[in-house]
Undergrad: 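This structure is in structure tokens; I'll ask about it shortly.
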Amino acid sequence: MSSLAGKVALVTGASSGLGAAVARLFADRGAQVFGVARDETRLAEVFAEVPGGRFGTGDIATAQTCRSMVEDCVGAFGRLDILVNVAGTHRMRRTGDVTDEDWAHDLAVNLNGPFYLCRAALPHLLENGGNIVNVASIAGVEGQAYSAGYCAAKHGLVGLTRALAVEFTAERLRVNAVCPGGMLTPQVTGFTLPDGADPNLVMRVASPRGMSGPEEVAAVIAFLASDDASAVHGAVYLADNGKTAG
Ligand SMILES: NC(=O)c1ccc[n+]([C@@H]2O[C@H](COP(=O)([O-])OP(=O)(O)OC[C@H]3O[C@@H](n4cnc5c(N)ncnc54)[C@H](O)[C@@H]3O)[C@@H](O)[C@H]2O)c1
């Protein structure tokens, strides 16, 4: 079991689904966790099960909020070793119905926010030999119907991961991405399909092996964030029950 003892981790999306599972697991493995999400009540509920954890609310679509979150984490724990960009949003729409605001929102939350957080965290991570795990999706490596903005942003997040991995190859920093397939979280249970959506197109995202629990994907993230993964840098790590295997 990969230890995270002595590490300080900033985890976004920590109020729900995968982010909450990551916060709990990281604390179990010995990390001090600073959680970020929008809903203070839900964050407080999750962090009742994250010993020693701290949290802050904010919208990661704003660069200043991301800078403040990193400063608050370092203010609370004195350092930052691991950034886990989990927060994301996915609303299905027919492409012709996507407004300028919808498109901007998809990119702001799923791509801009992770970039702002990476940029703000970099000096701390470089100082401590830390690492970044970006949660992309199989939508970052293949197309999904009714999801143009989400797919574009998640492909962008995979590209951001690889660009940072190359830029910092010779430095004390690892950067990896995880691409989950279907996970049973509020994001999925709350899906609404566009009117008249073709179910055959929607079901192309499914693996015959079914969906993962968020805890299963959190375990992959804990490994990548730990020193056990010291040789893993620039990886785009599929946790999709074989969905994209061919
Ligand atoms: N559930 C799936 O099937 C699935 C599959 C592949 C990838 N993913 C990705 O996994 C990640 C976690 O998703 P989940 O399934 O746990 O979803 P979720 O809806 O349960 O949780 C999303 C989290 O992101 C936070 N968030 C959303 N917008 C935010 C914003 N603007 N600012 C700050 N926080 C914000 C929410 O507060 C929440 O904590 C996302 O990046 C998602 O795209 C999910």
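Ligands are counted one by one from 1 in listed order, and the atoms in each one are counted from 1 as well. Throughout, numbering of the chain's residues begins at 1 and tracks the sequence.
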Undergrad: Are L224 and Y237 packed together at the side-chain level, in the sense that at least one heavy-atom pair is separated by less than 4.5 angstrom?
TA: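 In short, these two side chains touch, coming nearer than 4.5 Å.
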Undergrad: Determine whether F168 and H233 satisfy the following criterion, ring pair (Phe, Tyr, Trp, His ring centres under 6.0 Å), listing intermediate values before the conclusion.
TA: CA-CA 10 Å; F168 294 99; H233 177 54; 8.6 Å; no
Undergrad: Report yes if some heavy atom in the side chain of I221 is under 4.5 Å from a heavy atom in the side chain of L18; otherwise report no.
TA: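 Heavy-atom side-chain distance check passes, below 4.5 Å.
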Undergrad: In the structure I gave you, are the side-chain heavy atoms of L117 and V70 within less than 4.5 Å of one another anywhere?
TA: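 Yes, at least one pair of side-chain atoms sits under 4.5 Å.
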Undergrad: I want to check something: taking the side chain as every heavy atom from C-beta on, are S16 and R42 in contact at a cut-off of under 4.5 Å?
TA: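 Yes, side chains in contact.
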Undergrad: Output the set of protein residues with a heavy-atom contact under 4.0 Å to ligand 1, ordered first by chain identifier and then by residue number.
TA: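 Residues within 4.0 Å of ligand 1: G13, A14, S15, S16, G17, L18, A37, R38, G58, D59, I60, V86, A87, G88, V109, V135, A136, S137, Y150, K154, P180, G181, G182, M183, T185, P186, Q187, V188.
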Undergrad: Is any side-chain heavy atom of F223 less than 4.5 Å from a side-chain heavy atom of D228?
TA: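 Yes, at least one pair of side-chain atoms sits under 4.5 Å.
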